[in-house]
Amino acid sequence: MKTLVLGPGGREHAIVQALRADPVVSEVRCAPGNAGIAKEVPVYPIDVSSPQLVVELCQELQPDLVVVGPEALLAAGVTNALQAAGFAVFGPTHQAAKLESSKAFAKEVMHAAGVPTGDAKTAVNLEQLEAALDEFDAPYVVKDDGLAAGKGVIVTSDRDAAIAHGRDIFSGGDPVLVEEFLEGPEVSVFVIADGADGVAMTPAQDFKRVFNDDEGANTGGMGAYTPLEWLPENFTDDVMEQVARPVLKEMADRGTPFTGVLYCGLTVTNKGIQVIEFNARFGDPETQPVLARLKTPLGQLLKAAADGKLRATFPTITFHDHSAVGVVMAAEGYPEAPQAGAQITGVAEAAKLEGVSILHAGTTAGSSGEFTASGGRLLTVVATGDDLATARDSAYAAVEHISVPNGHYRTDIAAKAISGDITIPGA
Ligand code: AMP
Ligand code: GLY
């Protein structure tokens with residue numbers, strides 16, 4: 001099976017590696033890829049947000065399966081264009097991807113499907129915003145209704161800051177969503193969906209804030225780990241039953257079936273599972289440690305989903321017992337204003353450590369054979385180990401080998417899970 005992965009980041013690097021490990025996959029290619037992916041498979045530096053350019057590339061390469069990574073491509077209709085040209089695609093159409101690209105739409109679908117989620121109000125002007133803030137009380141949750149790569153949200157008890165964030169969003173032309181504050185640990189569950197039904201992957205936890213102890217701005221994600229031993233038993237079954245199946249059925253009933261990853265961003269509250277958001281793709285960086293534990297062959301799994309034959313072929317997805325931890329190394333200034341140009345060294349040395357794999361995102365090949373920073377999140381350093389503590393120690397040992405001048409990373413990825421300090425409110 002010939003495969004093509006679309007996207008530039010650490011998630012796509014992890015997908016490329018997992019596809020290469022599938023014995024049925026004979027060929028893996030990536031567009032546009034990045035400097036790390038280019039060391040492993042052929043890359044094609046096209047503008048993948050152009051459906052037409054992607055179709056032209058596929059007509060040349062004739063892949064049996066195209067795997068779409070980023071949300072922007074889905075929202076731009078890359079899946080629609082590829083399907084119309086006769087290609088098998090893992091990734092939703094732009095109509096189905098609206099579950100991610102419009103938070104108001106996602107709320108409407110959840111209400112129709114009876115899925116547990118916080119109350120929310122949409123505001124299109126200042127007056128409505130203030131009324132919504134009065135209704136929900138502090139801490140305030142104010143979100144951009146459109147795609148904002150995880151950075152469009154503010155959670156604050158400062159009413160003026162909440163209003164200022166809302167004004168910012170209005171000035172970009174999007175509506176504002178004000179939400180009930182949900183308290184409890186967050187979990188990401190990737191449900192592989194084939195339009196009719198879905199199968200869950202093992203849960204992971206992401207670290208969204210830029211600094212240790214969840215301080216600072218929201219980012220795309222600074223690290224992740226799996227498994228989550230602190231979760232209640234049957235958690236994944238509950239997610240399928242309470243969240244994923246009702247949403248997949250609702251989308252199919254509306255004539256816009258969802259094929260791809262239904263990423264369920266959840267909070268485990270004292271009232272049970274609540275949905276914070278859906279994404280229409282694999283999460284970054286959660287995918288990096290999750291795929292490091294995957295046993296089921298990824299190419300065959302995603303092809304079965306693209307062909308609408310998932311449940312018959314893969315009624316479950318299996319994972320290795322070991323643990324995996326991923327630490328994101330970011331450029332100076334990320335997320336507000338990432339600085340390009342830092343010379344990254346030590347990557348090759350770190351990659352030689354046992355159980356370690358270095359996945360690239362915003363890097364370009366440097367003239368000296370090393371890498372140059374060219375994005376916000378540069379690398380995800382992933383390590384596996386018999387338990388979470390071992391995996392975490394290995395990941396940070398590898399991070400220590402790598403130098404990103406003026407860069408930064410969190411030092412507390414998976415720490416609370418290891419020390420037993422994650423609690424579910426009311427449990
Ligand atoms: P989102 O872009 O919706 O994924 O939000 C990004 C992050 O903001 C989430 O991962 C949470 O940490 C936080 N957040 C979003 N919505 C809420 C909420 N209703 N209650 C508490 N925290 C939230
Ligand atoms: N790590 C969060 C996301 O992919 O949206």
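Whatever order the structure lists ligands and atoms in, that order sets their numbers, starting from 1. The residues of the chain are indexed from 1 along the displayed sequence. Quick caveat: nothing in here was measured; it's all calculated off a predicted structure.
Remark: Asp214 engages Arg410 in a salt bridge, criterion side-chain N to carboxylate O under 4.0 Å. Taking the charged nitrogens against the carboxylate oxygens, Asp145 and Lys103 have no contact shorter than 4.0 Å, which rules out a salt bridge. The pair Glu12-Arg281 does not meet the salt-bridge criterion, since no charged nitrogen lies less than 4.0 angstrom from a carboxylate oxygen.
Residue Lys143 approaches ligand 1 through these ligand atoms, each under 4.0 Å from one of its heavy atoms: 3 (O), 15 (C), 16 (N). Of all the atoms in ligand 1, the ones that sit under 4.0 Å from a non-hydrogen atom of Val141 are 16 (N), 17 (C), 18 (C), 19 (N), 20 (N). Which parts of ligand 2 touch Asn279 is read off a 4.0 Å heavy-atom cut-off, strictly below it: atoms 5 (O). Those atoms of ligand 2 with a heavy atom of Pro285 less than 4.0 angstrom away are 1 (N). Near Arg281, the atoms of ligand 2 lying under 4.0 angstrom from a non-hydrogen atom of the residue are 3 (C), 4 (O), 5 (O). Here is the list of ligand 1 atoms found below 4.0 Å of a heavy atom in Phe181: 20 (N), 21 (C). Using a 4.0 Å cut-off to heavy atoms of Leu182, the atoms of ligand 1 that qualify are 18 (C), 19 (N), 20 (N), 21 (C). Every atom of ligand 1 with a heavy atom of Ile276 under 4.0 Å away is listed here by number and element: 3 (O), 15 (C), 16 (N). The ligand atoms of ligand 2 that sit less than 4.0 angstrom from a heavy atom of Gly283 are 4 (O). Near Gly220, meaning under 4.0 Å from one of its heavy atoms, ligand 2 places the atoms 1 (N), 2 (C), 3 (C).
Residues meeting the ring-ring contact (aromatic ring centres under 6.0 Å, His included) test with Phe282, sequence neighbours left out: Phe190.
At a 4.0 Å heavy-atom cut-off, ligand 1 does not touch Thr267 at all.
Remark: Lys98 is positioned above the aromatic ring of Phe105, its terminal NZ or CZ atom under 6.0 angstrom from the ring centre and at most 45 degrees off the axis.
A donor and an acceptor atom, one from each side chain of Gln274 and Thr117, are nowhere located under 3.5 Å apart.
Side chains of Gln83 and Thr93 form a contact here, defined as non-hydrogen atoms less than 4.5 Å apart. Annotation: side chain of Ser357 is in contact with side chain of Leu359 (closest heavy-atom distance under 4.5 Å).
Residue Lys103 places a heavy atom less than 4.0 Å from ligand 1. The shortest heavy-atom distance from Phe282 to ligand 2 is not under 4.0 Å.
A side-chain donor-acceptor contact under 3.5 Å links His408 to the backbone of Tyr334.
In terms of N/O distances under 3.5 Å, ligand 2 is approached by Glu286.
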